[in-house]
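Here's the structure we're looking at; comments come further down.
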Amino acid sequence: MQPLGGNPGADGGEVGLDEWADRARVDTAGQLRRREAWLRRQAAEDASVVGVLITHAERGSTVSVTTWSGNRYVGRVRGAGWELVTVEVTGALGFIRLDSIETFRAHHGDGGDAPDPVGHRGGADPISMGEVLGLVAADRPEVTLVSRSGGQLAGELVAVGRDVVMVRPPDQRGLAYAPLASVSEALVPASTGSG
């Protein structure tokens, strides 16, 4: 029988209660670090673009988004869905299709010391570019549409059909049409009703 307060050590001698408690704390801390590392790996393996953007939207993070057309948007993430992200830039809202994003990154300093989100979040909004533009069309705002190739169409957003956007350019009397499938980015004034 062991004497109270003593445990056998590796060399057969007794280990004091304080030393035994220290070893237990070290073992527990090591287990916790391994568990945290495993959880981080699991979260990273489940990461998605929309998941990272949803977390940035909840934090009100400022991000820099570069698109395949060469445009760069710097502003706060207002929302993210399966098809697009909304970024509030100076005086405007940028609606950007996720598949037109080349890279994006957070600007640290505005969100404290919060770690970068891993992006394993779900529950993204299913709203499409056509639905967003249809909602803001009621206000007939000035809009700049950017195509996948980088071409731009600017003017008054008149209407959105099933697969087409109608814009009245400032220097023309007639309408200009853009197939919705070709619109990768749209910029509207931040004061627009749905923003």
Side-chain angles (χ1 to χ4, degrees), residues 47-111 116-119 121 124-172 175-195:
S48 68
V49 170
V50 71
V52 173
L53 290 168
I54 287 172
T55 302
H56 280 305
E58 289 174 350
R59 291 180 182 176
S61 300
T62 298
V63 297
S64 174
V65 178
T66 303
T67 63
W68 289 105
S69 66
N71 290 326
R72 186 168 178 254
Y73 300 84
V74 177
R76 295 208 181 270
V77 179
R78 292 279 303 270
W82 290 116
E83 182 174 315
L84 56 92
V85 62
T86 304
V87 178
E88 184 175 8
V89 295
T90 305
L93 294 176
F95 303 111
I96 308 161
R97 286 187 195 254
L98 298 184
D99 63 2
S100 70
I101 294 174
E102 184 175 27
T103 61
F104 66 96
R105 66 183 304 175
H107 288 248
H108 291 286
D110 62 341
D116 284 324
V118 176
R121 308 283 307 277
D125 192 339
I127 196 164
S128 68
M129 180 69 84
E131 291 168 328
V132 164
L133 291 176
L135 290 171
V136 300
D139 294 336
R140 298 188 77 135
E142 292 299 309
V143 66
T144 300
L145 304 178
V146 181
S147 71
R148 294 186 181 279
S149 65
Q152 294 190 6
L153 173 61
E156 178 186 5
L157 178 60
V158 175
V160 179
R162 185 178 324 149
D163 63 356
V164 66
V165 182
M166 292 162 252
V167 175
R168 185 177 316 282
D171 59 349
Q172 297 180 13
L175 294 178
Y177 301 89
L180 265 171
S182 73
V183 178
S184 62
E185 306 158 46
L187 201 61
V188 301
S191 60
T192 302
S194 74

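Keep in mind the model is a prediction, meaning the values are calculated, not measured.
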Self-check item: Atom pair CZ (Arg168) and CD (Glu142), whose distance is rounded to the nearest 0.5 Å
Solution: 11.0 Å
Self-check item: Minimum heavy-atom distance between Gly155 and Pro170, given as atom pair plus value
Solution: CA-CD, 4.0 Å
Self-check item: Pair Arg72-Ser64, side-chain donor/acceptor within less than 3.5 Å
Solution: yes
Quiz: residues 176-187 side-chain donor-acceptor pairs under 3.5 angstrom, not counting sequence neighbours:
{"unit_1": "Ser182", "atom_1": "OG", "unit_2": "Pro179", "atom_2": "O", "d": "2.8"}
{"unit_1": "Ser184", "atom_1": "OG", "unit_2": "Val146", "atom_2": "O", "d": "3.2"}
{"unit_1": "Ser184", "atom_1": "OG", "unit_2": "Ser147", "atom_2": "O", "d": "3.4"}
{"unit_1": "Glu185", "atom_1": "OE1", "unit_2": "Asn71", "atom_2": "ND2", "d": "2.9"}
{"unit_1": "Glu185", "atom_1": "OE1", "unit_2": "Tyr73", "atom_2": "OH", "d": "2.5"}
{"unit_1": "Glu185", "atom_1": "OE2", "unit_2": "Thr67", "atom_2": "OG1", "d": "3.0"}
{"unit_1": "Glu185", "atom_1": "OE2", "unit_2": "Ser69", "atom_2": "OG", "d": "2.6"}

Exercise. Kindly compute the distance separating OG (Ser61) from CZ (Phe104), expressed to the nearest 0.5 Å.
Key: 10.5 Å
Practice problem: With the side chain counted from C-beta on, respond yes when Ile127 and Leu135 share a heavy-atom pair under 4.5 Å apart, and no when they do not. | Solution: yes
Quiz item: Considering only heavy atoms from C-beta outward, does the side chain of Val165 approach that of Leu157 to under 4.5 Å?
Solution: yes
Exercise. Grab the two heavy atoms, one from Val158 and one from Leu175, that are nearest each other, plus how far apart they are.
Key: CG2-CD2, 3.7 Å
Quiz item: Got a donor-acceptor contact below 3.5 angstrom from the Glu58 side chain to the Thr55 backbone?
Solution: no
Practice problem: Measure across Leu153 and Pro169 and return the closest heavy-atom pair with its distance rounded to 0.1 Å. | Solution: CD1-CG, 4.3 Å
Quiz prompt | Verdict with supporting geometry, Val77 and Ile54, side-chain contact (heavy atoms from CB on, under 4.5 Å) | solution = CA-CA 8 Å; Val77 179; Ile54 287 172; over 6 Å; no
Distance-only criterion, 3.5 Å: show the donor-acceptor pairs between side-chain atoms of residues 83-96 and protein atoms not counting sequence neighbours.
{"unit_1": "Glu83", "atom_1": "OE2", "unit_2": "Arg97", "atom_2": "NH1", "d": "2.8"}
{"unit_1": "Glu83", "atom_1": "OE2", "unit_2": "Met129", "atom_2": "N", "d": "2.9"}
{"unit_1": "Glu88", "atom_1": "OE1", "unit_2": "Arg78", "atom_2": "NH1", "d": "3.2"}

Practice problem: Please tell me if the side chains of Glu156 and Val143 come closer than 4.5 Å, counting only heavy atoms from C-beta onward. | Solution: no
Quiz item: Measuring from Asp99:CG to Trp68:CH2, what's the distance to the nearest 0.5 Å?
Solution: 11.0 Å
